[in-house]
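See structure below.
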Amino acid sequence: MTTTREYFEQKVPELIANNPEKLKAINGVFQFNVAGAGEWVVDCKEGKVFEGKGEKVDTTLDITAEDFEAILGKKLNPMMAFSTRKLKVTGNLPLSLKLQTIL
């Protein structure tokens, strides 16, 4: 089972490096606030990921570590998490849907 930290520190940089065309198509900055596991920024404009708060983000996603890791383990569908309010999205919702193509 992948932890949230492992995902953002290891998997996301790999996904970013291996998908430059998808990254360009997304062209957004995402703030992940994962309760119990920290805050992470996935910057598809610059092609980087880092722990902390972003200054200019397009979309913010709030979720618990338990629910995030359930999504990673394919035990929870991201759309189901959103519709049941386990995943809260503020900002550019259509842009967040594009994020699924890479993450």
Side-chain angles (χ1 to χ4, degrees):
M1 175 80 161
T2 302
T3 67
T4 300
R5 179 167 295 282
E6 289 169 342
Y7 184 73
F8 282 108
E9 289 180 348
Q10 298 167 18
K11 187 68 176 172
V12 174
E14 180 183 309
L15 292 168
I16 286 173
N18 293 334
N19 295 286
E21 292 303 314
K22 287 181 181 177
L23 210 61
K24 208 178 285 184
I26 296 170
N27 195 35
V29 181
F30 303 87
Q31 174 75 51
F32 285 82
N33 298 323
V34 186
E39 298 170 330
W40 303 86
V41 175
V42 176
D43 186 338
C44 294
K45 292 179 180 177
E46 299 292 324
K48 60 185 179 180
V49 59
F50 60 90
E51 188 171 5
K53 280 229 186 258
E55 289 185 29
K56 292 185 177 182
V57 299
D58 298 299
T59 305
T60 301
L61 299 99
D62 293 284
I63 191 167
T64 66
E66 180 181 351
D67 289 332
F68 188 76
E69 290 170 11
I71 289 172
L72 294 180
K74 301 199 183 318
K75 293 178 180 153
L76 176 62
N77 177 292
M79 291 307 291
M80 183 59 73
F82 176 74
S83 65
T84 58
R85 307 284 296 148
K86 290 181 176 191
L87 170 63
K88 295 175 183 76
V89 179
T90 52
N92 190 332
L93 181 60
L95 188 62
S96 67
L97 294 174
K98 288 183 178 181
L99 193 59
Q100 291 183 76
T101 64
I102 193 168
L103 301 182

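Note that these values count all heavy atoms, side chains included, but never hydrogens, waters or copies made by symmetry. The residues of the chain are indexed from 1 along the displayed sequence. Here the structure is a predicted model, which means the values were calculated and not measured.
Separating the CD1 atom in Ile102 from the CG atom in Leu15 is a distance of 6.0 Å, to the nearest 0.5 Å. To the nearest 0.5 angstrom, Cys44 atom SG is 9.5 Å from Asp58 atom CG. We find the CZ-CG distance between Phe68 and Leu76 to be 11.0 Å, quoted to the nearest 0.5 Å. Distance check, rounded to the nearest 0.5 Å: CG of Leu72 to OG1 of Thr2 gives 6.5 Å. Rounding to the nearest 0.5 Å places CD1 of Ile16 at 8.0 Å from CG of Asp43.
Sorted by first and then second residue, the salt bridge (charged side-chain N to carboxylate O under 4.0 Å, His left out) pairs involving residues 10-31 (not counting sequence neighbours) are Lys11-Glu14. Sorted by first and then second residue, the side chain to side chain donor-acceptor pair (under 3.5 Å) pairs with a member in residues 72-84 form an empty list; sequence neighbours excluded. For the salt bridge (charged side-chain N to carboxylate O under 4.0 Å, His left out) condition, no pair includes a residue of residues 85-103, sequence neighbours left out.
Taking the side chain to side chain contact (heavy atoms under 4.5 Å, CB included) definition, one finds that Thr3 meets it with Arg5, Glu6, Glu69, sequence neighbours left out. Evaluation of the ring pair (Phe, Tyr, Trp, His ring centres under 6.0 Å) rule for Phe82 yields no partner, not counting sequence neighbours.
Side-chain contact between Leu103 and Tyr7 is present, with at least one heavy-atom pair separated by less than 4.5 Å. Contact annotation: the side chain of Ile63 approaches that of Ile71 to within less than 4.5 Å [non-hydrogen atoms, C-beta and beyond]. Contact annotation: the side chain of Asn19 never approaches that of Thr101 to less than 4.5 Å [non-hydrogen atoms, C-beta and beyond].
Leu95 and Leu99 fall within the same hydrophobic cluster, defined by Ile, Leu, Val, Met, Phe, Trp and Tyr side-chain heavy atoms under 4.5 Å apart, directly or through other members. Tracing side-chain contacts under 4.5 Å through hydrophobic residues (I, L, V, M, F, W, Y), one never reaches Leu93 starting from Met79; they form parts of separate clusters. Grouping the Ile, Leu, Val, Met, Phe, Trp and Tyr side chains by contacts below 4.5 angstrom, directly or via other members, places Val49 apart from Val57.
Listed here is the closest heavy atom pair of Thr59 and Ser96: CG2-CB, 3.8 Å.
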Using a 3.5 Å cut-off and no angle test, enumerate the donor-acceptor pairs between side-chain atoms of residues 25-41 and protein atoms at least two apart in sequence or in another chain.
residue, atom, partner, partner atom, Å
Gln31, OE1, Gly54, N, 2.7
Gln31, NE2, Asn33, OD1, 3.2
Gln31, NE2, Gly52, O, 3.1
Asn33, ND2, Asp62, OD1, 3.0
Glu39, OE2, Lys53, NZ, 3.2
Trp40, NE1, Ala37, O, 3.4

